[in-house]
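Take a look at the structure set out below.
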Amino acid sequence: MSVAYFLLLSSLALTINTQAQDCSKPVGGDNMGLKGSDILLEMFPHGVRVSFACDTGYITKGGSSTITCTDGSWSRVNLKCEIKSCGNAGQVDNGYIDYPEGNDFGAKLVVTCNTGHRLVGRSPNIICGVDGWTGRLPECEVVTCSPLKRVVAGTFSPIQDSYDYQQVVEFSCEDDYTLNGSKSISCSEEGTFKPAPPTCVMVECKDPDIANAAWDGGSRPPHKHMATVTYKCVSGYTMKGERTQTCGIDSRWSPGLPTCELVECKDPDIANAAWDGGSRPPHRHMATVTYKCVSGHTMKGERTQTCGIDGQWSPGLPTCQLVECKDPDIANAAWDGGSRPPHRHMATVTYKCVSGHTMKGERTQTCGIDGQWSPGLPTCQLVQCKDPDIENAALDGGSLPPYNYMSMVTYECVSGYNMKGERTQTCGVDGQWSPGLPACEHNNGNLVKVLGIVFAVILIALVIVGLVIWRLRAFNKRRNADQSLLDYSSRRSYPDNAIPKDGEEVALS
Ligand SMILES: *[C@@H]1O[C@H](CO)[C@@H](O)[C@H](O)[C@H]1NC(C)=O
């Protein structure tokens with residue numbers, strides 16, 4: 001009971017204390033602030049009333065603007081503030097209004113004039129202020145061009161005090177005068193003529209005076225605007241510049257008079273070459289000069305050159321190139337000593353044929369000044385032996401034709417023939433059969449020989465027998481004669497020993 005009483009007392013005391021509390025500075029809604037001098041205060045006593053007001057550019061949209069401080073706290077702020085709109089700014093004749101930022105407080109509108117019109121007076125920009133659009137809208141006025149000045153030696157039409165937008169004015173010049181600029185101009189939207197008004201000018205180009213040149217066609221003096229004239233240089237001179245010139249509006253020749261310069265060809269500078277007769281510098285038109293290459297080099301191009309009218313050597317300077325023979329590429333051959341690529345002038349190289357091939361040509365070659373091998377690359381040809389042609393013989397085995405190196409054939413004589421030589425032959429590296437083809441001889445050959453010999457022997461024997469018989473007969477005859485002589489002598493009493501014996505010579509006295 002006593003506790004409840006104490007609590008009641010305590011809360012009562014608290015109530016008495018808060019009744020004395022102030023309010024702190026009140027916070028309003030969006031776009032509003034405290035009105036008047038209240039804005040300077042920080043603390044507000046109990047029971048005080050303050051008012052809010054909308055910010056500049058904002059207007060009140062209902063709700064009470066007043067709040068009250070009660071026991072240290074403010075009543076609710078009911079005021080509503082809304083941004084002010086300036087609305088439509090109206091219309092501009094010959095122009096239009098843009099609202100790029102809208103038309104609320106602070107926004108800026110832009111006035112633009114239609115083509116052929118320009119803004120008069122004020123700025124094209126107007127701002128939406130507290131009291132609506134600030135200031136009057138600018139105006140758009142039609143564009144005009146001021147009158148044109150007189151033209152010396154010319155005229156234009158129409159002649160007016162003022163020209164409308166886009167109005168065209170035409171110009172013309174008196175005889176002998178040329179219009180410098182556009183024939184017709186017009187009044188632009190900026191109030192000026194475009195292009196700029198032309199002038200009338202007297203055009204005359206001086207007769208060209210070009211040293212060492214001659215007139216080659218075209219205009220004769222006086223040279224008026226656009227007249228063209230062509231020049232050429234005299235012999236031995238070359239032209240620098242354009243030969244045909246046009247008389248420009250500025251009374252000058254365009255693109256500019258050429259010059260005629262003495263033709264001179266530069267002294268040739270050919271690497272690895274030497275002067276070999278002809279002109280010495282300076283080389284004029286038609287001068288000729290001859291060059292030769294130094295040893296080991298060969299010339300590409302013409303050795304004799306002529307200085308052309310253009311200051312260039314004709315037909316064009318030659319070059320001297322180091323002689324180089326191509327590395328020989330001989331089928332079925334192998335390098336066998338000498339030079340290795342690159343092969344310079346005088347280099348020698350030797351080749352040999354691979355097995356089974358024979359060389360046709362020289363095995364050692366020399367690189368000539370013309371870059372060719374001398375006396376000319378050899379060839380390696382496959383060794384081939386001719387078909388053996390042996391009479392009265394038949395093949396008895398071995399290789400088939402064609403007969404290359406190392407081919408073997410065996411022959412046999414036909415019946416009744418005997419072989420003389422080797423029956424097996426080998427095709428040699430020289431393309432010949434080795435050891436040499438045999439022959440087949442007839443068996444009767446020997447018989448005939450034997451018979452011949454026998455016949456000869458018989459013949460000789462017969463001759464000898466004949467001779468003996470003949471000799472014996474002669475002897476018998478003489479002995480018979482001697483016998484008769486003896487018979488006669490014995491009658492003349494010859495000694496016995498004086499009578500000659502058989503075969504003994506008797507000296508007859
Ligand atoms: C021609 O007109 C141009 C531009 O207006 C000017 O620069 C030039 O000097 C004029 N030429 C002559 C020959 O008057």
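In what follows, residues are counted from 1 in the order of the sequence shown. Note that ligands are numbered from 1 as they come in the structure, with each ligand's atoms numbered from 1 the same way.
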message = Does the protein come close to atom 7 (O) of ligand 1 - that is, does one of its heavy atoms sit below 4.0 Å from that atom?
response = no
query = Looking just at side-chain N and O atoms, do Thr246 and Thr228 make a donor-acceptor pair shorter than 3.5 Å?
reply = no
query = Which ligand 1 atoms does Ile249 reach within 4.0 Å, using its non-hydrogen atoms?
reply = 13 (C)
task = Ignoring hydrogens and angles, state whether a donor on the side chain of Thr364 or Thr350 is under 3.5 Å from an acceptor on the partner side chain.
result = yes
query = Does Val203 approach ligand 1 within less than 4.0 angstrom via side chain, backbone, both or neither, non-hydrogen atoms only?
reply = neither
message = Within the structure provided, determine whether Glu101 and Cys128 are in side-chain contact (heavy-atom separation under 4.5 Å).
response = no
query = Taking the minimum heavy-atom distance to atom 11 (N) of ligand 1, which of Asn180, Thr178, Leu179 ranks first?
reply = Asn180
task = State whether any protein heavy atom lies less than 4.0 Å from atom 14 (O) of ligand 1.
result = yes
query = So, Glu261 versus Thr259: side-chain donor-acceptor pair below 3.5 Å or not?
reply = yes
query = Just to confirm, does any protein heavy atom lie below 4.0 Å from atom 3 (C) of ligand 1?
reply = yes
Shortest non-hydrogen contact from Pro138 toward Val120 = CB-O, 4.2 Å
